[in-house]
Q: 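Structure below; questions to follow.
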Amino acid sequence: MEAKNNKKTIWAWCMFDWANQSYNMVITSTIFPAYYVAVTANSKKDNMVTFFGHQYVNTVLFTYILGLSYLIVVAILPILTSIADYRGNKKLYLQMFTWLGSLACAGLFFFKPDSPLEIPMICFGLASIGYCGGFVFYNSYLPQIASVDQQDAVSAKGFIYGFLGSIVVQVICFVPVLKPLWFGITDDALPARIAFLIVFLWWMGFAIIPFFMLPKGEPNAGSHKYNVLTGGFKELAKVFGKIKKMPLLKRFLSAFFFYSVGVQTIMLVAASFAAKELHMKDDDLISIILIIQVVAIIGASITSKSSAKYGNVRTLIVLVTVWTVLCCFLYFIANETQFYVAAFVVGLVMGGVQSLSRSTYSKYLPENIPDTASYFSFYDVTEKISIVVGLFCFGFVESWTHEMRNSALALDCFFATGLFLLIALLLAEKKTKRVEIAIPV
């Protein structure tokens, strides 16, 4: 087994985040949502679109496709991660999902204003599955490459690389979108479609680095005598049984689920909200997302230092408190200036809550476990289920009330619940430490 805290291995691991955040920036956060809303907007039909013969509000369809893609990830990843640990080939799955996501982004190039929505939205969903699936196996490397005392810093470093990479790729896409005449482009739809191709090239191109440099993993068959498929289910059941015996880990996963419903959903629908509710232009949206990414780098760095001084759970409580207030504030946003303020705050707490959640979960795991992918599948499945719940809740409230603002307000209930559970986790941690101190050596 390769020694932990190897600088080259950690750099290669971070480069995967550098590569795949191009999807998160362009496809879920800026250019694709704005392009989709512009292409499907029709005030005469109340922005209704047709998808496989059924009528949907355009942004509700966008939300449901995202939710369905995450639901598919939830269904298949526990099996795949267990098999990956069983056979020691999680890098293969990392590559497979990366190819799926990046090629689906390339397929979005053929999404033209007069195109039927079925094929483009399938590509959109597959890109999401590829991104999420790859991230699960990427996350599972953290306890394998970093010691416990370094996991907060390494996790934050990965997110910082991701934010930096997303800024660079966004600027590259930004130029043809805002200045198409510099390149002799007269088709209004072409710059956005070129951006989707750029994502494919960036994502797949830089992912080659971790593909070559990350450790392959080692088989963990042990005494298992069952075949690969049933072995995956049995390994998953075994890991779940272990997690049930870890009270702090169980408490953290419960809190993580609830606040992730809010965090992940807001990040996924923010661009659609700005485009539809505030009628913000593409260049304003891109500028805002760039600000969020830059500020997120600072936020992730501050969070890493704060967790070292005050502890992970205390820092998470502060972050989720800010998210709770912010989500309530979104309901009252009425102009671009207020949205810029909200975006700045989102940037500060976005990277911090993501990187610290990942490293906190990793710290609660037993050291030197061989089945990291299976353990991290529970973390990622918890996150993906929270996204499914958040997106379908957001879409349902919007379709019911015809107001995205009401959907944002509904999410605040999840933040408040997550905050309460984090406070309960902190009290449980203190009690555990008191018991440990009371036990005679």
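Start at 1 with the first residue, then count along the sequence.
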Q: Of all residues at least two apart in sequence or in a different chain, which pass the ring pair (Phe, Tyr, Trp, His ring centres under 6.0 Å) check with Trp18?
A: Trp202, Phe206
Q: Kindly indicate whether the side chain of Phe32, heavy atoms from C-beta on, has any atom under 4.5 Å from the side chain of Val26.
A: no
Q: Could you tell me which non-hydrogen atom of Thr382 sits nearest to which non-hydrogen atom of Phe256, and how far apart they are?
A: CG2-CD2, 3.8 Å
Q: Please check this pair: side chain of Lys384 against backbone of Gly133, looking for a donor-acceptor N/O pair closer than 3.5 Å.
A: no
Q: Counting C-beta onward and ignoring hydrogens, is there a side-chain heavy-atom pair between Val73 and Ile387 closer than 4.5 Å?
A: no
Q: Evaluate the side-chain proximity of Ser22 to Phe200: yes if any heavy-atom separation is below 4.5 Å, no if none is.
A: no
Q: Any side-chain to backbone donor/acceptor pair from Ser304 onto Ser301? Under 3.5 Å, distance only.
A: no
Q: Checking Phe62 now: which residues fulfil ring pair (Phe, Tyr, Trp, His ring centres under 6.0 Å) with it, not counting sequence neighbours?
A: Tyr36, Phe124
Q: How many angstroms lie between SG in Cys123 and CZ in Phe110, if you round to the nearest 0.5 Å?
A: 9.0 Å
Q: Using a 3.5 Å distance criterion without hydrogens, assess whether the side chain of Asn139 forms a donor-acceptor pair with backbone atoms of Arg358.
A: no
Q: Checking Val388 now: which residues fulfil side chain to side chain contact (heavy atoms under 4.5 Å, CB included) with it, not counting sequence neighbours?
A: Tyr70, Leu71, Phe392
Q: If I take atom CZ from residue Phe258 and atom CG from residue Leu411, how far apart are they, to the nearest 0.5 angstrom?
A: 13.0 Å
Q: Apply salt bridge (Lys or Arg N to Asp or Glu O under 4.0 Å) to Glu398 and list each qualifying residue two or more places apart in sequence or on a separate chain.
A: Lys276
Q: List in chain and number order the residues that pass ring pair (Phe, Tyr, Trp, His ring centres under 6.0 Å) with Phe111, two or more places apart in sequence or in another chain; answer none if no residue qualifies.
A: Tyr35
Q: Quick check with a 6.0 Å cut-off and a 45 degree axis cone: is Arg405 positioned over the face of Tyr331's six-membered ring?
A: no
Q: Establish, yes or no, whether a centroid distance under 6.0 Å links the rings of Phe135 and Tyr138.
A: yes
Q: Let me see the working for Ser386 and Tyr259 under side chain to side chain contact (heavy atoms under 4.5 Å, CB included), right down to the final yes or no.
A: CA-CA 8 Å; Ser386 74; Tyr259 70 71; over 6 Å; no
Q: State the CD-CG distance between Glu383 and Leu253, to the nearest 0.5 angstrom.
A: 11.5 Å
Q: Do Ser102 side-chain atoms and Trp99 backbone N/O form a donor-acceptor pair below 3.5 Å?
A: yes
Q: Looking at Leu356 and Ser307, what are the two nearest heavy atoms and their distance?
A: CD1-CB, 3.5 Å
Q: Does Asn24 have any side chain to side chain contact (heavy atoms under 4.5 Å, CB included) partners at least two apart in sequence or in another chain, and if so, which?
A: Gln21, Thr28, Tyr131
Q: Report the distance from atom SG of Cys327 to atom CZ of Phe414, rounding to the nearest 0.5 Å.
A: 10.5 Å
Q: Specify whether Phe211 and Phe16 have parallel, tilted or perpendicular ring planes, treating 30° as the upper limit for parallel and 60° as the lower limit for perpendicular.
A: tilted
Q: Can you give me the closest heavy-atom contact between Phe97 and Ile129, atom names plus distance?
A: CD2-O, 3.7 Å
Q: Yes or no on side chain to side chain contact (heavy atoms under 4.5 Å, CB included) for Trp11 and Ile209, after CA distance, side-chain angles and deciding distance?
A: CA-CA 9 Å; Trp11 174 76; Ile209 296 173; 3.6 Å; yes
Q: Under 3.5 Å, which donor-acceptor pairs link side chains of residues 419-427 to any protein atom two or more places apart or in another chain?
A:
none

Q: Hey, are the side chains of Val169 and Trp203 touching, using non-hydrogen atoms and a 4.5 Å cut-off?
A: no
Q: Do Val345 and Leu348 have side chains that get closer than 4.5 Å, going by heavy atoms?
A: no
Q: Using a cut-off of 6.0 Å, state whether more than 12 heavy atoms not belonging to Phe51 lie near its atom CZ.
A: yes
Q: Decide yes or no on side chain to side chain contact (heavy atoms under 4.5 Å, CB included) for Tyr64 and Val60, but give the supporting numbers first.
A: CA-CA 6 Å; Tyr64 282 169; Val60 171; 3.4 Å; yes
Q: I'd like to check the salt bridge (Lys or Arg N to Asp or Glu O under 4.0 Å) partners of Lys157; sequence neighbours left out, ordered by chain and number.
A: none
Q: Closest heavy-atom contact between Phe109 and Ile194?
A: CD1-N, 4.2 Å
Q: Please list all pairs meeting salt bridge (Lys or Arg N to Asp or Glu O under 4.0 Å) that have one or both residues in residues 244-260, counting only residues at least two apart or in different chains.
A: none
Q: Carefully, step by step, assess Phe415 and Val325 under the rule side chain to side chain contact (heavy atoms under 4.5 Å, CB included).
A: CA-CA 9 Å; Phe415 275 120; Val325 175; over 6 Å; no
Q: If I take atom CG from residue Asp149 and atom NZ from residue Lys4, how far apart are they, to the nearest 0.5 angstrom?
A: 10.0 Å
Q: Report the residues that fulfil side chain to side chain contact (heavy atoms under 4.5 Å, CB included) with Val349, sequence neighbours left out, ordered by chain and then residue number.
A: Leu319, Val322, Trp323
Q: My understanding is that only residues two or more places apart in sequence, or in another chain, count here; which of them pass side chain to side chain contact (heavy atoms under 4.5 Å, CB included) with Asn335?
A: Thr337, Gln338
Q: Distance only, no hydrogens: is a donor on one side chain within 3.5 Å (strictly under) of an acceptor on the other, for Ser359 and Ser155?
A: no
Q: Side chains of Asn312 and Tyr364: does their closest heavy-atom pair fall under 4.5 Å?
A: no
Q: Give me the atom names and distance for the closest heavy-atom approach of Gly134 to Leu94.
A: O-CD1, 3.2 Å
Q: Any side-chain heavy-atom pair from Phe137 and Leu92 closer than 4.5 angstrom?
A: no
Q: Please give me the minimum heavy-atom distance between Ala207 and Thr98, naming the atom from each residue.
A: CB-CG2, 3.8 Å
Q: With a 4.5 Å limit on heavy-atom distance, are the side chains of Asn6 and Ile145 in contact?
A: no
Q: Provide the full list of side chain to side chain donor-acceptor pair (under 3.5 Å) pairs with a residue in residues 160-177, sequence neighbours left out, each pair given once.
A: Thr30-Gln170, Ser166-Gln293
Q: What is the distance from atom OG1 of Thr40 to atom CG of Leu61, rounded to the nearest 0.5 Å?
A: 8.5 Å
Q: Between the side chain of Lys91 and the main-chain N/O of Leu214, is any donor-acceptor distance below 3.5 Å?
A: yes
